[in-house]
Amino acid sequence: MRIQDVSHLETENLEKWVSFALLTRYLKIHTVRPLQIAEMAKAGSSLPPVVVKEGTPGTDVKITDLFKGKKGILFGVPGAFTPVCSSSHLPGYVGDYDKLTKAGAEVIACLSIDDAFVMAAWGTANGSSGKVRMLADQAGELTKALGVELDSVDMLGNVRCKRFSAVIVDNVIKTMNVEDNSLEATCSMPDTAYKQLSQLTEA
């Protein structure tokens, strides 16, 4: 840290200098910088080899290990226990589990920037056990790598995940469905994923 000699300043000017210095330091720390979002993943993109959490903070799941050699669905939500996520998005995938697996899904996973305990509790509340893997992207690394960061500081207090779904085959994204408005759930719902899975099976 550079120390500036202010001994020559009179008391009044010294107070002004200190006030200005403190204000400058505050603004440097607290200025909100625009969110720099990476390029969004698309059909043909490979999953990044990012580790997320499942169940507890000590249980690692490497996303590329989860989808290696398998066909499945990864869907992302802005937050556990939030209205649309809890009323339709997660329950939709849990309820359509049999339908989706018959269409070829071997893995169905839900992603959110939340801690592992919250995701586990949310999954339990919605009967996800044995159907939907509840993945906690605690540091937001997978969300960032996929380019689906959502600036939700005003509503949820931090950066979250956009609402999306992706059909994946052996770690390659075949379809990427991202909602224009993450407060709504339309193209990322299981019906869309079901149709896309069925088309892959028929091809």
Side-chain angles (χ1 to χ4, degrees), residues 35-82 85 89-90 92-94 96-97 100-101 103-150 152 156 158-179 182 188 190 192-194 196-197 200-201:
L35 180 63
Q36 300 297 316
I37 300 177
E39 182 180 356
M40 189 180 296
K42 56 185 181 295
S45 299
S46 296
L47 282 180
V50 176
V51 173
V52 292
K53 306 293 183 178
E54 183 178 27
T56 68
T59 305
D60 291 345
V61 175
K62 193 173 183 179
I63 198 70
T64 47
D65 288 344
L66 186 61
F67 285 93
K68 184 178 181 179
K70 295 181 180 179
K71 183 186 296 182
I73 303 165
L74 175 67
F75 68 98
V77 300
F81 294 105
T82 54
C85 304
H89 210 178
L90 175 57
Y93 279 93
V94 172
D96 282 355
Y97 172 78
L100 293 168
T101 54
E106 299 169 87
V107 179
I108 303 173
C110 176
L111 179 75
S112 180
I113 298 182
D114 277 298
D115 67 73
F117 294 125
V118 167
M119 287 297 284
W122 189 41
T124 298
N126 285 275
S128 70
S129 180
K131 296 180 178 181
V132 178
R133 304 282 294 265
M134 305 301 292
L135 306 180
D137 191 15
Q138 295 187 159
E141 293 178 356
L142 180 54
T143 298
K144 183 175 183 178
L146 292 172
V148 288
E149 288 179 296
L150 174 67
S152 58
L156 298 174
N158 61 347
V159 174
R160 295 297 183 102
C161 180
K162 289 182 178 179
R163 194 180 304 282
F164 77 92
S165 69
V167 172
I168 299 163
V169 178
D170 193 17
N171 285 326
V172 176
I173 296 172
K174 295 298 183 179
T175 62
M176 187 75 177
N177 316 298
V178 183
E179 302 286 356
S182 289
S188 62
T192 302
Y194 171 77
Q196 294 168 341
L197 278 168
L200 287 175
T201 303

Report task. Return each pair, listed once, that meets salt bridge (charged side-chain N to carboxylate O under 4.0 Å, His left out) where at least one residue sits in residues 106-131; pairs must be two or more places apart or across chains. Result -> Asp114-Arg160
Query raised in the report: Does anything in residues 54-75 pair up under salt bridge (charged side-chain N to carboxylate O under 4.0 Å, His left out), and if so which pairs, sequence neighbours excluded?
Result: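 Listed by first then second residue: Lys53-Asp60, Glu54-Arg133.
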Closest heavy-atom pair and its distance - [X], [Y]:
X      : Y      : value
Cys110 : Met119 : O-CE, 3.8 Å
Phe117 : Gly55  : CD2-O, 3.9 Å
Phe81  : Ala125 : CE2-CB, 4.3 Å
Ala41  : Met176 : O-CG, 3.5 Å
Ser112 : Gly79  : OG-CA, 3.6 Å

Euclidean distance, [Y] [atom2] relative to [X] [atom1], rounded to 0.5 Å:
X      : Y      : atom1 : atom2 : value
Thr175 : Leu200 : OG1   : CG    : 7.0 Å
Leu197 : Leu100 : CG    : CG    : 6.5 Å
Lys144 : Glu149 : NZ    : CD    : 6.0 Å

Query raised in the report: With under 30° as parallel and over 60° as perpendicular, where do the rings of Phe75 and His89 fit, or are they tilted in between?
Result: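 Aromatic pair Phe75/His89 classed tilted.
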Query raised in the report: For Ser45, which residues count as a side-chain hydrogen bond (donor to acceptor under 3.5 Å, both in side chains) partner, sequence neighbours excluded?
Result: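 Not a single residue meets the side-chain hydrogen bond (donor to acceptor under 3.5 Å, both in side chains) criterion with Ser45.
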Query raised in the report: Taking only residues two or more places apart in sequence, or in another chain, which ones meet Thr59 in a side-chain hydrogen bond (donor to acceptor under 3.5 Å, both in side chains)?
Result: Thr56
Query raised in the report: Got a donor-acceptor contact below 3.5 angstrom from the Ser182 side chain to the Arg163 backbone?
Result: yes
Within the 4.5 Å heavy-atom criterion, are [X] and [Y] side-chain neighbours or not?
X      : Y      : result
Tyr97  : Pro190 : no
Val148 : Leu111 : no
Thr82  : Val77  : no
Asp96  : Tyr194 : no

Please set out all donor-acceptor pairs under 3.5 angstrom arising from side-chain atoms of residues 165-174, sequence neighbours excluded.
residue, atom, partner, partner atom, Å
Ser165, OG, Asn177, ND2, 2.9
Asp170, OD1, Gly69, N, 2.6
Asn171, ND2, Thr64, O, 2.9

Query raised in the report: Can you name the ring pair (Phe, Tyr, Trp, His ring centres under 6.0 Å) partners of Phe67, sequence neighbours left out?
Result: none
Report task. Check ring pair (Phe, Tyr, Trp, His ring centres under 6.0 Å) between Phe164 and all other residues, then give those that pass, not counting sequence neighbours. Result -> none
Query raised in the report: Looking at residues at least two apart in the chain, or sitting in another chain, which of them share a salt bridge (charged side-chain N to carboxylate O under 4.0 Å, His left out) with Glu179?
Result: none
**Report entry** With Asp137 via salt bridge (charged side-chain N to carboxylate O under 4.0 Å, His left out) - residues at least two apart
**Finding:** none
Requested in this report: Report the C-alpha distance between Leu66 and Leu135 in whole Å, list the side-chain angles of each, state the deciding distance to 0.1 Å, and finish with yes or no for side chain to side chain contact (heavy atoms under 4.5 Å, CB included).
Outcome: CA-CA 11 Å; Leu66 186 61; Leu135 306 180; 3.9 Å; yes
Report task. Applying side chain to side chain contact (heavy atoms under 4.5 Å, CB included), name anything that partners Pro48, two or more places apart in sequence or on another chain. Result -> Val50, Leu142, Ala145, Leu146
**Report entry** Sequence neighbours excluded, every pair satisfying side chain to side chain donor-acceptor pair (under 3.5 Å) that has a member inside residues 119-128
**Finding:** Ser86-Trp122
